*Asks:* 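Have a look at this one.
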Amino acid sequence: MRQMVIAAAVAALAWTAVPGAAVQDPPAQPGGAGQRGRGAGPGPQGAGRGPNFPQHQRPPGDPAVIARGRALYGVNCTACHGADLRGGDQGGPNLLRSQVVLTDQHGENILPIVRSGRQGPGGLMPAFTLPESDVLAIAEYIQSVMSSAGRQGRPPERDTPVELNVLVGDAAAGQRYFERVCSRCHSASDLRGMAARVADVRALQNLWVSGGISGRGGGRGEGDALAENSRVRVTVTAPGSAPVTGRLVRIDDFVVSLVQDDGVRRTFSRSGAKVDINDPLEPHRRLVLELADTEMHNVTAYLATLK
Amino acid sequence: MTSIKVMTLKKTTRLLLSWCLLMPAFLLAQAGGLDPAAQLRPPTDAWPTYSGDLTGRRYSALGHVNKTNVKNLSLAWVGRGFVEGTGATGRAGPGAAGGRGGGGGRGGAPAPYPLIVSGLGPGDYNTGGPPSFRGSIVMVDGVLYPTSPDNVWAVDARDGSILWQYYWKTRGGTHTGHRGVGMWRNFLFTEFHDNYLVKLDARTGKEQWRVEISSFNEQYFSSMAPIIIDNHVIVGTGNDLDAPGFLQSYDPETGKRQWIFYTVPMNPGDPGLETWPSLDAARHGGAQVWVPGVFDPETRYYIFGTGNPTPAYTTAGRGESVGLFTCSLIAVNVDTGKMAWYYQTSPRDMHDWDSAQTPVLIDAMINGRPRKLVSTAARNGYFFTVDRVTGEHVATSKFGSVANWAKGLDDKGRPVLNPEKVATIPGAIVNGSITNWPPPAYSPDTGLFYVPENNALSIAYLIDPDPRGSMGLGGRQASGIGSYGNYVTAIDPKTGRIAWRHHLPGGSGPTGMLTTGGGLLFAGDGAGNLVAFDAANGTPLWNARLGTVTNAPQTYMLDGKQHVLAAAGDMLYAFRLN
């Protein structure tokens with residue numbers, strides 16, 4: 001039976017072939033989903049790859065109705081479904097990923113469930129005797145929250161971001177690690193003021209662990225060229241020629257390109273050439289391979305004191 | 001009389017059968033289009049399906065181009081002038097099937113070609129710009145079928161000119177890379193991201209029918225190249241929002257669904273339900289099917305990989321168990337859609353590492369016994385070989401040199417998640433995807449499995465510590481902290497041992513792979529080159545700097561010459577020995 005269509009919501013996926021449909025005249029959307037194709041322009045969320053899903057494409061509802069729906073939701077629904085619609089203490093399901101809600105347009109799915117109640121995954125939902133206009137206002141509110149959900153299934157941003165304590169390390173232990181390992185290349189005075197410049201603890205940690213390349217993929221050249229500010233140097237000694245040194249801008253198995261200190265870019269065949277790369281981040285990368293997460297947190301805690 | 005009639009019929013049938021067996025190439029040309037059985041033979045004069053044939057090997061026995069002469073491989077033609085949709089001017093207009101200037105050459109009179117416009121959206125997406133060809137390009141009867149999201153082209157394989165273009169006005173959806181078309185007789189089948197399976201006449205691009213294969217409202221999006229096996233059009237679909245994954249089979253003539261196989265438990269009593277905290281969690285558990293699988297004709301198993309569990313990065317809602325059948329290799333009977341076996345390659349994934357990669361069918365002797373095997377190199381950095389008849393584990397190895405997310409292997413060779421190497425509030429250093437959907441290859445000549453290997457580390461932060469878990473791909477923020485090298489890696493699938501690794505000194509890592517009877521391995525190097533490597537040891541033997549190669553190379557015979565085809569963004573390049 002597993003292969004059969006059982007879930008009610010999946011019935012909406014039932015095949016609907018349009019044999020020989022005129023190419024120039026697309027039929028109404030099959031599948032009984034009821035939704036006409038709306039504007040598929042990029043969603044309001046900076047929706048990433050492609051125009052987004054129907055929930056993101058909805059035109060904004062009437063603010064007064066949404067406000068009324070929000071208040072009604074707060075009184076009637078929050079206990080079970082949560083103030084953020086992601087499920088509540090009483091076991092009600094997350095509405096933001098609910099097939100009922102995702103396939104609802106203007107309350108037509110929600111209304112009968114609210115009026116009649118039903119056996120849900122978290123237990124029995126009681127019937128509510130709310131007027132239809134109230135239920136439809138709640139539906140509008142739910143859809144307004146859905147429209148603010150992120151791309152790739154991410155939940156909507158919270159009104160007030162959760163405060164997370166990233167700074168959990170032991171600064172004294174971090175200082176000992178710094179003196180034992182980092183001080184081979186860096187002094188604390190070099191780094192003074194670092195924490196003032198980079199106040200966000202995550203950004204500070206990303207910065208020091210990556211050696212300054214955080215957020216970029218790192219390594220040698222995404223596709224064509226290294227970043228402008230790459231510190232990787234290369235010396236190329238072509239057969240019978242004097243060594244040429246510069247900033248490495250590109251390398252593959254066949255050619256190597258560099259920019260000389262006078263700004264001239266040159267490319268050499270690697271055939272027979274000696275190529276010496278000096279990447280100041282190489283020791284850093286080796287170090288990170290051995291870096292335990294607790295050591296990382298400790299050093300971050302220490303660096304956070306260098307204001 | 002009756003008996004004579006029967007005899008005659010039998011004789012005719014026999015004759016017809018032997019004629020069919022003797023003349024497959026003739027049938028291809030005369031009966032028109034692609035005989036589904038042709039995909040079961042290694043490709044020579046065609047590239048008839050996603051992987052070339054249904055084994056997933058991306059191996060061509062062609063050896064006209066080989067280690068000795070590959071240095072002379074040179075350009076046959078460049079395909080250019082591809083513009084998505086109705087173009088900058090929208091000249092063809094929605095619904096109009098007009099011509100458009102092709103070729104893009106300066107000075108030459110544009111050769112018009114039909115532009116077929118369909119779809120249910122407003123037509124303002126993927127139009128006017130250059131495509132990026134990232135999927136497989138089917139080649140049958142001298143015609144190539146490259147695709148990009150919402151667009152399909154037919155291209156003359158002899159000179160790269162455009163024969164027709166089909167544009168699908170999308171309603172939306174997450175527009176991941178488009179993986180290509182499937183072909184059956186004279187028809188193409190393709191998925192569009194707003195979840196339509198569309199059948200086109202391969203000769204004209206005219207739409208035959210369309211079927212909605214998954215719910216747009218529920219945020220499914222579809223990009224898989226359909227795989228056609230006999231009269232089954234196998235389609236998969238994707239979703240990031242906590243929705244159940246499934247694989248479906250459709251009738252190529254009527255568009256009617258033949259079966260649907262859910263990759264997570266959907267009902268009480270379904271197998272695997274014990275690995276979820278509740279039926280509700282299972283039904284939101286993911287395991288999407290978005291990359292083509294392979295087919296074993298003896299068992300009639302279609303074997304494919306499933307995607308990550310959802311929510312991807314937090315397990316509060318989905319418990320401490322392994323969440324079947326996410327991140328698994330699964331064999332289903334192609335005629336019934338019933339599961340024969342599964343093997344989970346990333347139990348309890350917490351990193352969004354789909355195990356959807358195309359698996360590869362391998363026949364090998366192990367301990368003196370011939371074995372029917374299937375291998376996969378998973379995104380989590382581990383390589384697996386299992387028995388493709390039973391699903392029994394044969395070998396596991398770690399091929400991602402910086403893969404640090406697992407504590408080790410269990411008694412069935414499955415990696416065990418290290419719970420400390422997941423997104424945490426203060427951050428954990430963990431590897432990224434070691435490989436992804438760009439396909440691997442396997443050569444029966446070298447006995448080696450070739451895979452792109454990318455090594456990088458990130459700091460993974462938990463940013464949504466809600467005790468209910470997050471949703472979809474929410475709840476995590478990762479920051480890259482360094483690359484540890486990209487490689488073309490060759491693995492002995494019998495043992496999992498790495499035979500060799502070729503380090504690519506620059507660039508973003510290799511593309512998908514192609515290997516040939518000429519002892520060659522073709523791939524883009526991620527630094528702008530199409531490269532032919534020695535399949536025995538990884539030595540680069542030839543290269544052409546095309547700009548970043550965007551798909552896995554392919555090869556076929558055309559007019560007595562072996563061609564090698566690769567795409568770089570919106571350009572097609574065909575090479576041969578001139």
Side-chain angles (χ1 to χ4, degrees), chain A residues 2-3 6-7 12-13 15-19 23-24 26 29-31 33 35 37 39-41 49-54 57 86-87 93 96-97 99 102-103 121 152-155 164 166 168 202 205-206 209-210 214-215 217-224 250-254 285 288 293 297, chain B residues 95 116 118 120-122 124-125 170-175 206-207 209-212 214-215 217-219 240-242 254-257 259-262 266-267 270 280 284 337 425-429 459 461 468 471-474 479-483 505-508 525 527-529 540 543 548:
Chain A
R2 225 183 122 131
Q3 284 71 34
I6 291 162
L13 313 188
W15 73 274
T16 311
V18 190
V23 169
Q24 290 83 355
Q29 178 181 338
Q35 161 103 337
R49 292 175 297 189
N52 231 310
F53 292 100
Q57 298 170 7
R86 286 167 58 183
L96 299 180
R97 63 181 203 180
Q99 289 179 326
L102 287 164
T103 55
Q152 296 191 287
R154 290 176 176 85
L164 297 174
V166 182
V168 299
R202 276 191 217 124
Q205 182 162 274
N206 297 340
V209 176
S210 68
S214 65
R220 301 208 184 105
E222 286 288 302
D224 197 52
R250 197 178 94 77
I251 185 165
D252 59 30
D253 280 321
F254 314 99
R285 273 198 291 274
V288 168
D293 293 334
H297 304 150
Chain B
I116 298 98
S118 185
L120 307 177
D124 60 352
Y125 198 70
T170 189
R171 294 176 292 170
T174 304
H175 273 55
K206 292 257 161 58
E207 187 177 304
W209 48 247
R210 66 179 80 137
V211 174
E212 194 174 27
S214 53
S215 165
N217 281 318
E218 292 172 35
Q219 303 200 1
D240 291 320
L241 175 61
D242 302 2
T254 63
K256 193 169 181 173
R257 186 164 70 192
W259 50 257
I260 180 168
F261 169 76
Y262 282 96
M266 292 295 286
N267 290 289
D270 276 353
D280 188 57
H284 288 100
I425 291 171
I429 296 173
I459 306 178
Y461 296 98
R468 297 166 298 174
M471 286 166 56
L473 296 186
S479 182
I481 53 173
S483 168
S508 51
D525 69 352
N529 297 289
N543 74 299
T548 301

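In what follows, chains carry the letters A, B, and so on, assigned in the order in which the sequence lines appear, proteins first and then strands, with residues in each chain numbered from 1. Please read these numbers as outputs of a predicted model, since none were measured by experiment.
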*Asks:* Between A:Asp253 and B:Pro505, which heavy-atom pair has the shortest distance, and what is it?
*Replies:* OD1-CD, 3.5 Å
*Asks:* Once you round to the nearest 0.5 Å, how far does CZ of B:Arg171 lie from CD of A:Gln57?
*Replies:* 9.0 Å
*Asks:* Backbone N or O of B:Gly427 within a donor-acceptor pair of the A:His297 side chain at under 3.5 Å?
*Replies:*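 The answer is yes, because a donor-acceptor pair under 3.5 Å joins these two groups.
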*Asks:* Could you look at B:Ile459 and say if it's the side chain, the backbone, both or neither that has a heavy atom under 4.5 Å from chain A?
*Replies:*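 Contact with chain A involves the side chain of B:Ile459 alone.
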*Asks:* Looking at OG of B:Ser215 and CD of A:Gln99, how far apart are the two atoms once the value is rounded to the nearest 0.5 Å?
*Replies:* 8.0 Å
*Asks:* Could you tell me which non-hydrogen atom of A:Pro155 sits nearest to which non-hydrogen atom of B:Gly474, and how far apart they are?
*Replies:*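 Nearest heavy atoms, A:Pro155 then B:Gly474: CD-CA, 4.1 Å.
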*Asks:* Using a 4.5 Å cut-off on heavy atoms from C-beta on, say whether the side chain of A:Phe53 contacts that of B:Thr174.
*Replies:* yes
*Asks:* Please lay out, stage by stage, how A:Val288 and B:Ile429 fare under the test side-chain contact (heavy atoms from CB on, under 4.5 Å).
*Replies:* CA-CA 9 Å; A:Val288 168; B:Ile429 296 173; 4.3 Å; yes
*Asks:* Let me confirm one number: the CG-OG1 distance from B:Asn217 to A:Thr103, rounded to the nearest 0.5 Å.
*Replies:*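 Spacing of CG (B:Asn217) from OG1 (A:Thr103) equals 6.5 Å.
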*Asks:* B:Asp280, B:Asp525, B:Asn543: which one forms the most heavy-atom pairs within less than 4.5 Å of chain A?
*Replies:*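 Option with the greatest count: B:Asn543.
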*Asks:* Verify, without hydrogens or angle tests, whether B:Arg468 (side chain) and A:Gly87 (backbone) share a donor-acceptor contact under 3.5 angstrom.
*Replies:*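 Yes; judged by distance alone, with no hydrogens or angles, the pair exists.
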*Asks:* Passes side-chain contact (heavy atoms from CB on, under 4.5 Å), B:Leu241 versus A:Leu102? Steps please.
*Replies:* CA-CA 11 Å; B:Leu241 175 61; A:Leu102 287 164; 3.9 Å; yes
*Asks:* Would you name the heavy atoms of B:Pro426 and A:Val166 that are closest together and state the gap between them?
*Replies:*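 That would be CB-O, 3.5 Å.
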*Asks:* What heavy-atom pair brings A:Arg86 and B:Met471 nearest, and what distance separates the two atoms?
*Replies:* CG-SD, 4.0 Å
*Asks:* Specify the closest pair of heavy atoms between A:Ser210 and B:Gly480, including all atoms of both residues, with the distance to one decimal.
*Replies:* CB-O, 4.3 Å
